Amino acid sequence: MFLPNYFQDPKVLHLNTTPHHAYFIPHPNMQSAVQNSREFSPYFIDLNGNWDFHYFKSYWDLPENFLHFNFQQHIPVPSTWQTQGYDQHQYTNVNYPFPFDPPYVPQENPCGLYHRTFNFQPNANKRYLINFEGVDSCLFLYVNQQFIGYSQVSHCTAEFDLTDYLQQGENHLTALVLKWCDGSYLEDQDKFRMSGIFRDVYILEREQNYLQDFFIKTTLSEDLKSAVVNLNIFFRQPENAPTITYHLFDPQGKKLFHTEQNQFCVENIQLWNAETPQCYDLLICYGEEVICQKIGFRQIEVKNGVLLLNQQPIKFKGVNRHDSDPQSGYTISEKQAMADLRLMKQHNFNAIRTAHYPNAPWFAELCDRYGFYLIAEADIESHGTNAVYVPSPEKSILLGVETVSDQAAIRQQVIDNYCYMARSPDFTQAILDRVQANVQRDKNRPSVLIWSLGNESGYGENFELAARWVKAFDPARLVHYENAIFQHSDHQNDTTHLDLHSEMYRSTEDIEAYFATERNTKPYLLCEYLHAMGNSCGDAEDYFQAIEQHAGACGGFVWEWCDHSPYLPQSKKMGYGGDFGDFPNDSNFCADGLVRADRHIQSNLLELKNVQRPLRAKYHNGQIELTNYLDFTHAEDAVSIHYQLLENAVLVQQGQIATPKIPPKHTALLPFTLPPNNGSLWLLNLEYRTKHATPLVEKNHLLGADQLCLFGDKQLSSFYSPRLPEQAHIQHSSREIHITFGNTKYVFDKQKGILSQLLSAQHPIIHRPLDFNIWRAPLDNDSLIKAHWFAAGYHQAYSRAYTMQVEQRQDRVVVQAHCALLAVSQSKILDLNVEYHLFDHAYFEIKIHAKKAPHLPFLPRFGLRFYLAKQQWQARYFAYGNGESYIDKHHATQLGLYQTTPRQNHVDYLKPQENGSHYHCSFVKLTGAEGGLYITAQQPFSFNLSPYSQEELASKKHHYDLQESPYCVLCVDYKMSGIGSNSCGPVLKEAYRLNETQWDCTFKVSLL
């Protein structure tokens, strides 16, 4: 093979590239540098567009004369070739998509050959640098059939000096991109795997002795009122460095001064933070170039175990973000990124972790301008080493490994494998290079508070070396690396250069345990938590409370922002792992976002938004206390408060309340005249809205809400008075009991102990038996517990009766059943004593005493399932709504009167699962063309109304595969177990499980 083997040699990372340096674009004058985007600089020569392209299934198929290839196809640059119909999408999380054989990659290594021509008139007094801002996985570059250089690191800019290779007139640019290289062992991120030139390509015209790099360092005075600015300047030819003039403009555009000194002091500074991102413009002028750099004066530090920004404790309300789009894949425009940032601001996020690689070079500029804290992460992840075979402790007995010590040794071997890349001398330079590339590019960005060494790659000498370099190069920022918690058996971890104790998916109890241990003195950071897969984020409020409780807890970053689900070929339907014929794949584990891939908002995001609201109210001792959870902003400066006062769900009063003067992290009383305690349910709904428009959020935007129960028990009392009793007609057959009141007929199944038919005027009210229901379509968060549910037979439970008898009382007929829920091959799930109280032809009650065997897993739910006629049902209910709500996921909803229909109530998740429940319901009233039902209970209950059965939801891979039931399905639950975030996180909290050994409940049903 004539292609150099650079791509399988870890010692060859970059050939003939310029050194890693800060991202900037030169302009011809100060006005252009300040006001114009880079595309309007005459020094910026855009090479994006349609390029000639040919895809080869293997680099072995390249013709020897590929530099003279006769192209017949084209591809847009930037793009990934999988989104353009070449190769196939592949989603894998942990597993490498090739054998673990570093540094070698498969012989059948696909590649893309790119070519374009461009006319050029080079100026002899200038130099010309070509920039590839992102190429996956490596790049061989040729100009006019001459080899220019090689580079890898997919999310790192590769810059080459083309000056000596360009010619007057037509020039030929050829790039050969391989799908895999030895660097791919360090790019095993949890994402769809795509290839090609996926970020912008352009040429910069520069001075002969151009400014190659600069590092702006700011040191704030102790009172934070002034700052000293130092600039480290690096020219291509430092011995002939030209004179530089620096011009500084304040955030309002006023020129403060100009100087030729690379150190100067700025007085009366306006501090930068995510809430008020005050950016100064520093103009660097020399020769014919002007470079504009935003400066934000801020100070990040750790004191006494607390993370401080500008000497104030802050909490990260963060999210992990990939560059991802269902149509364009990795290729993200500024418009697309702005859409993300706008949604994040609107939903109260203040921080982003660039997971797990540097985002586009201009992305941090947007965060500077619009106010987001960044954890800037290096392009490193090698958790595929964790999939290399080691006997698992659970299966070790099959191999004769029986002792606890032997099993511990196996667990340690897993960790040792995991740390392979972190310790391998072959990859020392590659890891350091990737960390340096990340830091050098974004070192002047005020939004970057923390450098991350990478993600999930174990720990060892290579990361220790990288951490030492970062702290020596940029001691003014913090360093994070979560995988330092893994200890190799042959190496004692040195974490002295890591400023944070970072963990993933730990429980709130783990947070408590960390702070209960005196030796733990570093701030605690959840770099990933609240795995937002499917119907999730049930423990968001619990994490908020745990983080707020401890000064040393500096917040967390939700995993993750958006689903990764590309469109299927020739379709607008989204797919996930396995839908593209990809192997290995990790199924729908990529559908774990707060928003869908098309940025459709999901209930997880709404839950987080309200949990992260800037103000919180609490009713206490007859007064309303209001706390400001902003870090730097006074409540009265940013938030207006609107209220609604409701008596028994009826609006009595509404208006606006003057926001009290509340400094950050302080509490004040909210002036409000309370209503009389007259026995009614009094609810006070408070809405927090933006007082002023900001660049990303319009004025009067809803930031969050509180609902205070002033008087009452959070239930809307509802009574049904049975009519005068009628004479019941009772008949027995061998299998059934028939009870008739007037034109209403009840039929009970003696074998099952359930109501099998309910008819009114000979029309069926229920179209299938009214059976007990413990199953739900498993959530992604049920992925671990459902194995126990299946093993216990919950998915196929059915009822049987032991005894059944009828008693005619003065005002009712009572059917008593002793029955059970059973499953084939399994022991009894529930023992049930049920009483059906039939009062007249329009009203009955079902009283249940249930016992569950203590050894069985907690139940998904317990209640009744009604199969109703397929018609245009309208449901009116009093519960947490109008969105879906659960015992641990209802903070985006409020108690109130709402209406819905079966279709409106259904929530489409890419992979169907339990959805659309409503928690703490007092009553639900269904009306249709042929009557209806009114259901209440002895206690608050949950209900779900859907056009789909839970069996249908559980059986289909995609929401667009669902087939509606021939019935309307109404589930009325005594309790539904919570949502949690256990798809990749802690188990569901005990408080949210239906794990009682016995309980009583009563459902009341009226026919309308």
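Only a predicted model underlies this, so the values are computations on that prediction, with no experimental measurement involved. For this chain, numbers begin at 1 and follow the sequence in order.
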Using distance alone, with no hydrogens and no angle criterion, decide if Asn944 and Ser946 have a side-chain donor and acceptor under 3.5 Å apart. no

Counting C-beta onward and ignoring hydrogens, is there a side-chain heavy-atom pair between Tyr373 and Ile300 closer than 4.5 Å? no

Asp888 side chain to Ile979 main-chain N or O, any donor-acceptor pair under 3.5 Å? yes

Compare all side-chain heavy atoms of Tyr280 with those of Pro251 and state whether any distance is below 4.5 angstrom. yes

Do His322 and His564 have their ring centres less than 6.0 Å from each other? yes

Exam field: side chain Asp281 to backbone Phe249, donor-acceptor pair closer than 3.5 Å: no

Rounded to the nearest 0.5 Å, how far apart are CD of Glu541 and CG of Leu608? 10.5 Å

Walk me through whether Gln913 and Asp780 qualify under side-chain hydrogen bond (donor to acceptor under 3.5 Å, both in side chains). CA-CA 8 Å; Gln913 55 198 276; Asp780 291 312; 2.9 Å; yes

Tyr514 ring center within less than 6.0 Å of His501 ring center: yes

Any idea which heavy atoms bring Ala591 and Met533 closest together, and the distance? O-CG, 3.4 Å

Asp973 and Phe941: which non-hydrogen atoms are nearest, and at how many Å? O-CB, 3.1 Å

Are the side chain of Asn648 and the backbone of Leu681 linked by a donor-acceptor contact shorter than 3.5 Å? yes

Smallest heavy-atom separation, Leu670 atom then Ala658 atom, equals CD1-O, 4.5 Å

In Å, rounded to the nearest 0.5 Å, how long is the span from CD1 of Ile657 to CD1 of Ile641? 6.5 Å

Lys989/Asp539 salt bridge by N-O under 4.0 Å criterion: no

Within the distance-only criterion (no hydrogens, no angle test), does the side chain of Asn685 pair as donor or acceptor with the backbone N or O of Tyr643 below 3.5 angstrom? no

Atom pair SG (Cys554) and CG (Leu449), whose distance is rounded to the nearest 0.5 Å: 10.5 Å

Mark yes or no for whether Lys315, through its side chain, and Ala553, through its backbone, hold a donor-acceptor pair below 3.5 Å. yes

Aromatic ring proximity Phe544/Tyr629, centre distance under 6.0 Å: yes

Within a reach of under 6.0 Å around NZ of Lys925, are more than 12 heavy atoms found that belong to other residues, nucleotides or ligands? no

Would you find a donor on one side and an acceptor on the other, under 3.5 Å apart, between the side chain of Arg477 and the backbone of Trp451? no

Using side-chain heavy atoms (C-beta onward) and a distance below 4.5 Å, is Cys527 in contact with His480? yes

Are the side chains of Ile332 and Asp340 in contact, using a 4.5 Å heavy-atom criterion? no

Any side-chain to backbone donor/acceptor pair from Tyr619 onto Leu708? Under 3.5 Å, distance only. no

Side chains of Tyr880 and Ser942 only: does a donor on one sit below 3.5 Å from an acceptor on the other? no

Using the test side-chain contact (heavy atoms from CB on, under 4.5 Å), find all partners of Lys303 that sit at least two apart in sequence or belong to another chain. Glu301, Leu308

Inspect the contact between Glu377 and Arg353 and indicate whether a charged nitrogen and a carboxylate oxygen are less than 4.0 angstrom apart. yes

Decide side-chain hydrogen bond (donor to acceptor under 3.5 Å, both in side chains) for Asn781 and Ser536; before the verdict, give the C-alpha distance in whole Å, the side-chain angles of both, and the deciding distance to 0.1 Å. CA-CA 7 Å; Asn781 286 335; Ser536 189; 2.9 Å; yes

Taken in chain and number order and not counting sequence neighbours, the residues that satisfy ring-ring contact (aromatic ring centres under 6.0 Å, His included) with Phe943 are Tyr877, His918

Check: Arg298 side chain, Pro446 main-chain N or O, donor-acceptor pair, under 3.5 Å: yes

Checking side-chain polar atoms at under 3.5 Å, does Gln549 have a donor or acceptor matched by the opposite partner on Gln545? no

Flag side-chain contact, heavy atom, 4.5 Å: Glu884 against Asn905: no

Straight-line distance of Asn535 CG to Glu607 CD, nearest 0.5 Å: 10.0 Å

Grab the two heavy atoms, one from Leu224 and one from Asn310, that are nearest each other, plus how far apart they are. CD1-O, 3.3 Å

Could you give the side-chain donor-acceptor pairs of residues 268-275 under 3.5 Å, partners two or more places apart or in another chain?
| from | atom 1 | to | atom 2 | distance (Å) |
| --- | --- | --- | --- | --- |
| Gln270 | OE1 | Gln252 | NE2 | 3.1 |
| Gln270 | NE2 | Gln252 | OE1 | 2.9 |
| Trp272 | NE1 | Asp368 | O | 2.9 |
| Asn273 | OD1 | Glu275 | N | 2.8 |
| Asn273 | OD1 | Thr276 | N | 2.8 |
| Asn273 | OD1 | Thr276 | OG1 | 3.2 |
| Asn273 | ND2 | Thr276 | OG1 | 3.1 |
| Glu275 | OE1 | Phe632 | N | 2.9 |
| Glu275 | OE1 | Thr633 | N | 3.0 |
| Glu275 | OE1 | Thr633 | OG1 | 2.7 |
| Glu275 | OE2 | Asp631 | N | 2.7 |

Among all residues two or more places apart in sequence or in another chain, which pass the side-chain contact (heavy atoms from CB on, under 4.5 Å) test with Arg342? Met338, Gln346, Leu696

Minimal heavy-atom distance between Leu945 and Ala875, with the atoms involved, is CD2-CB, 3.7 Å

Counting neighbours of CG on Asp713 that are heavy atoms of other residues, nucleotides or ligands and sit closer than 6.0 Å, is the number greater than 12? yes

Taking the six-membered ring of Phe363 (Phe, Tyr or Trp), confirm whether the NZ or CZ of Arg321 is under 6.0 Å from its centre and within 45° of its axis. yes

Residue set satisfying side-chain contact (heavy atoms from CB on, under 4.5 Å) with Ala635, at least two apart, ordered chain then number -> Leu615, Asn628, Thr659, Ile662

Any side-chain donor paired with an acceptor under 3.5 Å for Ser983 and His531? yes

Supply the atom-to-atom distance Ile375 CD1 to Ser447 OG, rounded to the nearest 0.5 angstrom. 12.0 Å

Looking only at non-hydrogen atoms, find the nearest pair between Tyr898 and Gly881 and report the distance. OH-O, 3.2 Å

Checking Leu703 now: which residues fulfil side-chain contact (heavy atoms from CB on, under 4.5 Å) with it, not counting sequence neighbours? Asn348, Pro614, Val639, Thr690, His701

Where does the angle between the aromatic ring planes of Phe878 and Phe923 fall among parallel (under 30°), tilted (30 to 60°) and perpendicular (over 60°)? parallel

Between Lys609 and Leu702 (side chain of the first, backbone of the second, donor and acceptor by atom type, cut-off under 3.5 Å), is there such a pair? yes

If you measure only the distance, is there a donor-acceptor pair under 3.5 Å linking the side chains of Tyr529 and Glu503? no

Salt bridge or not between Asp782 and Arg776? Use side-chain N to carboxylate O under 4.0 Å. yes

Atom pair CG (Asn350) and NZ (Lys345), whose distance is rounded to the nearest 0.5 Å: 7.0 Å

With a 4.5 Å cut-off on side-chain heavy atoms, are Leu307 and Phe316 touching? yes

Heavy-atom distance under 4.5 Å between the side chains of Asn604 and Lys889, does that happen here? yes

Taking the side chain as every heavy atom from C-beta outward, state whether Gln612 and His347 have any atom pair closer than 4.5 Å. no

Hey, is the main chain of Leu994 close enough, under 3.5 Å, to the side chain of Ser977 for a donor-acceptor pair? yes

